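Have a look at the structure below, then the notes.
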Amino acid sequence: MSDVLVVGAGAAGAEAALTSARLGSQVTLVYAGELGGTCVNAGCVPSNALLHAAATRRAGFDIEAAHTAAGRVVNRVRDGVRRSLAAAGVHLLAGRLSFQDAHTATVAGPDGEIIVTADRIVIATGATTYLPAVGDVGDRRVITSADALGLGAVPARAVVVVGGHLGLEWATLLRHAGTQVTVIDEQPTLRAVADAEVAEFVAGQLGVTVLVGSPVAAVKPADDEVLVSVADQEIGADLVLFADFRRPNTDGLGLDRIGVRVDDSGAVVVDDELRTTAPGISAAGDVTGGLMLAAEARVEGGLAAANLHGGSTPMRRDLVPRALHTDPEVASVGLTESQARDAGRPPAVGYAEYAGNARALVLGADGGVVKLVVDPVGEEILGATVVGPDAASTVALVALAMQAELTASDLIASNHAHPAVGELVVDAARAALAG
């Protein structure tokens with residue numbers, strides 16, 4: 001019997017296993033597919049490798065060479081996951097798991113079926129892409145983001161639905177590869193950018209056509225194109241990509257046999273400490289629904305494991321930074337201006353423009369911005385959104401300050417290399433307190 005059984009080897013599962021091992025437990029990790037989960041094998045890692053290849057092309061985009069380069073990156077990251085787990089003493093078991101009771105499961109693997117037992121369990125089985133009903137038309141030109149990783153040719157025209165994290169990154173990739181791209185999102189602004197003001201700015205900077213506020217009404221394959229109906233128009237495309245449509249992987253686990261409740265979407269229901277409705281069983285990552293981002297999944301995995309070992313720390317999603325590797329890059333953490341107002345905390349807002357930063361100008365980016373949201377009473381940092389090069393690294397400075405409970409004045413007093421985009425955090429803090 002293991003002390004801890006982790007089901008799933010993505011960002012959440014790997015972190016849960018590593019944390020459990022660090023806390024002294026004997027850990028068994030059961031996984032189906034490849035180590036690393038969606039992000040490493042069919043999500044952000046290969047898509048970002050392809051995006052980089054498209055963005056840095058010197059002539060025509062060689063998609064075969066880009067796939068080869070992306071495959072090398074995936075293999076190295078996957079090997080890194082394996083080495084980390086092995087070094088921690090985690091026992092790896094490949095196969096599909098089904099729970100028999102709260103401490104027992106069967107695993108159907110390449111060598112047959114075996115029984116595993118454990119005192120405590122972390123469910124981290126991730127999620128799978130799917131086509132919504134409107135896009136499930138049985139045409140090979142209508143695909144999911146996972147399917148897109150197998151593209152053998154660059155389409156001349158593409159429609160991307162919706163403007164979530166995967167959608168906007170794929171739109172950027174295709175645009176750099178030479179595709180004419182239209183992004184459709186039924187929400188009033190691009191959903192991947194929480195701050196409405198920034199979302200409107202980003203929509204104008206992406207270099208693609210953005211249609212918001214209307215859902216896709218129909219997808220109709222024709223001989224030489226696919227027609228996408230939205231609002232009062234039909235858009236012809238050679239490829240229609242439904243991104244950000246993912247459902248939790250809970251089928252076949254036997255969760256009903258162990259008292260773990262799932263909601264109508266199939267997501268495992270957890271409390272703020274990531275505990276399920278069954279004692280001694282927690283869940284983390286995409287299988288619990290939400291935004292399904294690897295950064296959140298990693299934090300959730302570690303926290304779920306720590307809480308199973310006697311901890312009682314609630315998950316703070318507002319402290320996890322989010323990044324869009326688009327062009328321009330976008331990153332955020334915490335509350336937006338409107339969210340702060342809705343929470344009854346009218347904020348002070350400070351802006352710092354890339355046009356006033358030496359490093360940004362060297363990088364040729366004078367259209368970016370840092371937007372900092374501060375509670376003027378006590379100077380608590382509530383959140384930030386950054387648009388421009390190094391956005392992810394820059395917003396990470398704010399995320400760390402928030403986690404350490406620093407104030408806007410502390411940001412102003414912080415030290416930075418020069419020239420560096422991160423200096424804009426100081427400027428934004430000064431602007432917030434001056435306002």
Side-chain angles (χ1 to χ4, degrees), residues 44 48 51-52 55 160 162-173 175-176 181 183 185 187-210 212 291 293 295 318 320-340 347-374 381-402 411 416 419-432 435:
C44 49
N48 269 258
L51 198 163
H52 176 74
V160 177
V162 291
H165 280 75
L166 289 171
L168 293 188
E169 290 188 356
W170 271 103
T172 302
L173 189 164
R175 192 261 290 178
H176 278 306
V181 181
V183 175
D185 199 318
Q187 294 191 5
T189 58
L190 293 171
R191 68 184 65 200
V193 187
D195 188 296
E197 178 186 30
V198 176
E200 185 175 353
F201 171 74
V202 170
Q205 298 292 312
L206 289 173
V208 304
T209 300
V210 176
V212 295
L291 290 177
L293 301 177
D318 60 313
V320 182
R322 303 165 184 169
L324 276 170
H325 298 286
T326 48
D327 184 10
E329 186 177 340
V330 186
S332 64
V333 68
L335 301 179
T336 66
E337 179 181 359
S338 62
Q339 288 169 343
V349 179
Y351 296 88
E353 296 186 1
Y354 271 54
N357 178 269
R359 179 60 180 166
L361 293 176
V362 168
L363 296 173
D366 62 357
V369 66
V370 174
K371 180 178 181 179
L372 189 69
V373 181
V374 176
I381 305 164
L382 300 179
T385 303
V386 181
V387 181
D390 288 343
S393 299
T394 302
V395 91
L397 299 174
V398 181
L400 182 59
M402 292 172 64
L411 281 183
H416 298 264
V421 175
E423 294 175 286
L424 288 168
V425 170
V426 175
D427 300 334
R430 284 201 182 103

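Keep in mind the model is a prediction, meaning the values are calculated, not measured.
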- In this structure, are over 12 heavy atoms from other groups packed under 6.0 Å from Glu353 atom CD?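 12 or below, so no.
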- Taking everything shown except Gln205 itself, do over 12 heavy atoms lie less than 6.0 Å from its CD?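 Yes - once you tally the heavy atoms of other residues, nucleotides and ligands closer than 6.0 Å, there are more than 12.
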- Item | Stepwise side chain to side chain contact (heavy atoms under 4.5 Å, CB included) check, His325 with His52 | CA-CA 9 Å; His325 298 286; His52 176 74; over 6 Å; no
Can any side-chain N or O of [X] pair as donor or acceptor with the backbone N or O of [Y] at less than 3.5 Å?
| X | Y | answer |
| --- | --- | --- |
| Asp327 | Ala55 | no |
| Tyr354 | Gly364 | no |
| Asp318 | Gly334 | no |
| Arg175 | Val181 | no |

- Message: Is there a side chain to side chain contact (heavy atoms under 4.5 Å, CB included) between Val370 and Tyr351? Walk through the geometry before answering.
- Response: CA-CA 6 Å; Val370 174; Tyr351 296 88; over 6 Å; no
To the nearest 0.5 Å, tell me how far [X] [atom1] sits from [Y] [atom2].
| X | Y | atom1 | atom2 | value |
| --- | --- | --- | --- | --- |
| Leu291 | His165 | CG | NE2 | 7.0 Å |
| Phe201 | Thr385 | CZ | OG1 | 12.5 Å |
| Arg191 | Thr189 | CZ | OG1 | 9.5 Å |
| Thr172 | Asn48 | OG1 | CG | 10.0 Å |
| Leu335 | Met402 | CG | CE | 6.5 Å |
| Asp195 | Glu200 | CG | CD | 10.5 Å |

- Task: Determine, stepwise, if the pair Val374 / Val349 fulfils side chain to side chain contact (heavy atoms under 4.5 Å, CB included).
- Result: CA-CA 6 Å; Val374 176; Val349 179; over 6 Å; no
Distance-minimising heavy-atom pair for [X] and [Y]:
| X | Y | answer |
| --- | --- | --- |
| Ala401 | Ile381 | CB-CD1, 3.9 Å |
| Val395 | Ala331 | CG1-CB, 3.5 Å |
| Val210 | Ala203 | CG2-O, 3.9 Å |
| Ala192 | Leu324 | CB-CD1, 3.8 Å |
| Val208 | Ala171 | CG1-O, 4.2 Å |
| Val398 | Ala384 | CG1-CB, 3.8 Å |

- Message: Applying the side-chain contact (heavy atoms from CB on, under 4.5 Å) criterion to Val183, which one of Leu190, Val212, Thr209 satisfies it?
- Response: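 Running side-chain contact (heavy atoms from CB on, under 4.5 Å) over Leu190, Val212, Thr209 with Val183 returns exactly one hit, Leu190.
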- Could you tell me whether Arg359 and Asp390 make a salt bridge, using a distance below 4.0 angstrom between a side-chain N and a carboxylate O?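 Looking at Asp390 together with Arg359, the answer is no, because their closest N to O distance does not fall below 4.0 Å.
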Is the shortest heavy-atom distance from the side chain of [X] to the side chain of [Y] under 4.5 Å?
| X | Y | result |
| --- | --- | --- |
| His416 | Leu397 | yes |
| Leu361 | Asn357 | no |
| Val426 | Glu423 | no |

- Query: Going through the distances and angles, do Trp170 and Thr326 end up as a side chain to side chain contact (heavy atoms under 4.5 Å, CB included)?
  - Reply: CA-CA 8 Å; Trp170 271 103; Thr326 48; over 6 Å; no
